[in-house]
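Step one of this worksheet: look at the structure below.
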Amino acid sequence: MRFSTSNGAGLVALAALAFPSVNACLTYHDASTLATNFGLLVSSYSQKLANETLAPDFIDYSESVNTLIDGGGDAPVALLGETFSSRAAYESASATQPSVPFAVQNIWYNCDTITVRWKSAQSPQPVIGISVFHTVFKLLNKPVQYQIDEIWGEFDSAAWLENLGILVPASRKQKREIAFEA
Ligand SMILES: *[C@@H]1O[C@H](CO)[C@@H](O)[C@H](O)[C@H]1NC(C)=O
């Protein structure tokens, strides 16, 4: 077979055959693998998995994470600002974080976006969250041809702050006051 410029249409068709899934949508396998891998980044972080799962220009928005970083209040991180502005920023923060439990509860997905409802079985309070992953197609030499380039995730940060011992629940504060008055 010989290709020439007059055979451009044939080349396009051949390229489409060689890369059949360029315009394809996420499959259940892609969505569940990305959700599982994201969970593993939370429960047992590794930079290798972060590199595979997240796109280099990854961005993460989460008022819940910002409020955890601030320990409540709105400083030093602006509550509505970007949480991580690149994969490298995410990686350096994650490398120093203690692991927390993470279990996927539900997955919904469409062509390029995955919504995950998850549970972190912390103590004393469980934390439920919902994270939305926008994905980009990459010709990776991997079972999953997508990476996450944007995450919007929110969760019960009051429960998490209580688990960290930073927030004292109103019910316990009241008990303290009663004990003090008695
Ligand atoms: C992850 O990717 C960065 C570049 O973005 C590279 O410097 C680093 O060595 C990679 N780490 C692993 C474990 O693959």
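Both counts, for ligands and for their atoms, begin at 1 and track the order of listing. This one's a predicted model, so the numbers in the text were calculated from it and none came from an experiment.
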Any side-chain heavy atom of Y109 sitting closer than 4.5 Å to one from T115?
-> no

Is the gap between the ring centers of F84 and F58 under 6.0 Å?
-> no

Side chains of T33 and T36 in contact at under 4.5 Å (non-hydrogen atoms) | no

S120 (side chain) donor-acceptor with P101 (main chain) under 3.5 angstrom = yes

min-distance protein heavy atom vs atom 14 (O) of ligand 1 -> N51 ND2, 3.1 Å

Contact with ligand 1 for R87, non-hydrogen, under 4.0 angstrom | yes

A student checking ligand 1 against K48 at a 4.0 Å heavy-atom cut-off should list atoms 13 (C)

Is the closest protein non-hydrogen atom to atom 11 (N) of ligand 1 under 4.0 Å?
-> yes

Compute the shortest N/O to N/O distance between Q47 and ligand 1 and return yes if it is under 3.5 Å, no if not.
-> yes

Are any of the side-chain nitrogens in E162 or R172 under 4.0 Å away from the carboxylate oxygens of its partner?
-> yes

